[in-house]
Amino acid sequence: MTVTDFLKTLGNSADAVNLTLERLLQMHDDPEAELIEAMRYAVLDGGKRIRPFLVVTSAALFNVKHERALRVAAAVEMVHCYSLVHDDLPAMDDDQLRRGQPTCHVRFGEATAILAGDALLTKAFEVLSDEKTHPDANVRSDLVLALARAAGPEGMVGGQMLDLIAESEELNMPEITRLQRMKTGMLIAVACEAGAILGKATPGAKHALHAYAHDLGLAFQIADDLLDVEGDEKTVGKKTGKDEEAGKATFVSLLGVERAREQAGVLAGQACDHLDLFGKKADSLRNLAAFVINRQA
Ligand code: GRG
C-alpha cells in the first residue's frame, strides 16, 4: 500500500468515526445545549483519529461488525478528547491552540470546558455500556473495565500526575518511559485491546496486539517529542517548544534528536514484528506504525 493509499484509508475511517460521533452527540434546544456544543467542538474539530483507527482495524482482524467497532472507536476518541480539553486548561498546560483552533476553554470559558471534558468521559462509558455496542453483557463489561483502567489513576490520569511532577523533578529514562506509557501508551493500547475484546480473540492474539500497541505507543510519544522540538507550529496545530520551556526531560532531551528518531524507527519495526501471526490482514496496522513515526502533526 502506498502512503497516499494509507492516508485515504485513515481518512475514510475518520469519516466513519466522525459520523458516529456526530450521531452520538446530537445538538438539542434545552437550556444546557452549550455543554453539547462544547463537547462537539472538542470532538468534531479534526484530529488524526489514530485511536479510533486502531479500534476499527484491530476489530476487523476478528470480523467484528463495523457498527459495533465504530461505537467503541467513538468512545475511545471521546476519552482522548476529554484529556486534551483538560490538559489545555489554565490549571494544566494553559494552551490557546489545539488542532489549529482556539482551545475549548478559550472558546467556551473555563467552567464549560471542564464540564465538557467531564461529560465526554462519562458519555464514553454510557456508549460502551449500551446494548447497541454489543449484545453480550460480558463483552460490554470487559470493554468498560479495560477503558476505565487505561484512562484512570493507573493509566492516563496517573501519567498526567507524573507529568506534573516532571516539571519540578528531573526524571530519568525508566521514569519517563513509565510516565509516557501511562499518559499516552495505555489509551493507545486499549484501542487495540478493544478490537480483541469485541472479537472475543484468543489469548495469543490479544497478547500480540498488546505487544504491538506497547511499542507503537512509545514510538508515537517519541514522534510527539520530536514534533515539539522540530515541528512547525502551524502544521502541528498547537504550540511547540513546550517541553524545553517547562524544563521537562523527554525522550528527545535525554537521547538527542538523532538517537530518538532512530529509536522510534526501531520501536515501529518491533511493533510490526508482533503482528506476524495475523499475516497480511494486519497490513493497515503495519502502515499505521510507519505513519505514526513520520507524521508532521
Ligand atoms: C488531563 C486527564 C488529563 C490527561 C491528559 C493525554 C494527556 C493526558 C494529555 C495530552 C497532552 C499531550 C500533547 C500528550 C502527548 C501525546 C498526545 C496525546 C498527543 C495528542 O494526540 P494526537 O496526536 O492528537 O493523536 P489528535 O489531535 O490527532 O487527536
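As the structure lists them, so they are numbered: ligands from 1, and atoms in each ligand from 1.
In terms of modelled atom types and a separation under 3.5 Å, the side chain of S168 and the main chain of I165 share a donor-acceptor contact.
Hydrophobic clustering, with ILVMFWY side chains joined whenever heavy atoms are under 4.5 angstrom apart, groups L61 together with V55.
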Output, or 'none' if empty, a list of ligand 1-protein atom pairs in which both atoms are N or O and the distance is under 3.5 Å, rounded to 0.1 Å.
from	atom 1	to	atom 2	distance (Å)
ligand 1	21 (O)	R51	NH2	3.3
ligand 1	23 (O)	K48	NZ	2.6
ligand 1	25 (O)	R51	NH1	2.7
ligand 1	25 (O)	R51	NH2	3.4
ligand 1	27 (O)	R99	NE	2.8
ligand 1	28 (O)	K48	N	2.8
ligand 1	28 (O)	K48	NZ	2.7
ligand 1	29 (O)	H80	NE2	2.8
ligand 1	29 (O)	R99	NH2	2.8

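A cation-pi geometry, defined here as NZ or CZ lying under 6.0 Å from the six-membered ring centre and within 45° of its normal, holds between R51 and F220.
With respect to K48 and E77, no salt bridge is recorded, no charged nitrogen being found less than 4.0 Å from a carboxylate O. Taking 4.0 Å as the cut-off between side-chain N and carboxylate O, K248 and D163 count as a salt-bridged pair.
With respect to Y82, the side chain to side chain contact (heavy atoms under 4.5 Å, CB included) criterion is satisfied by exactly one of K123, M39, M156: M156.
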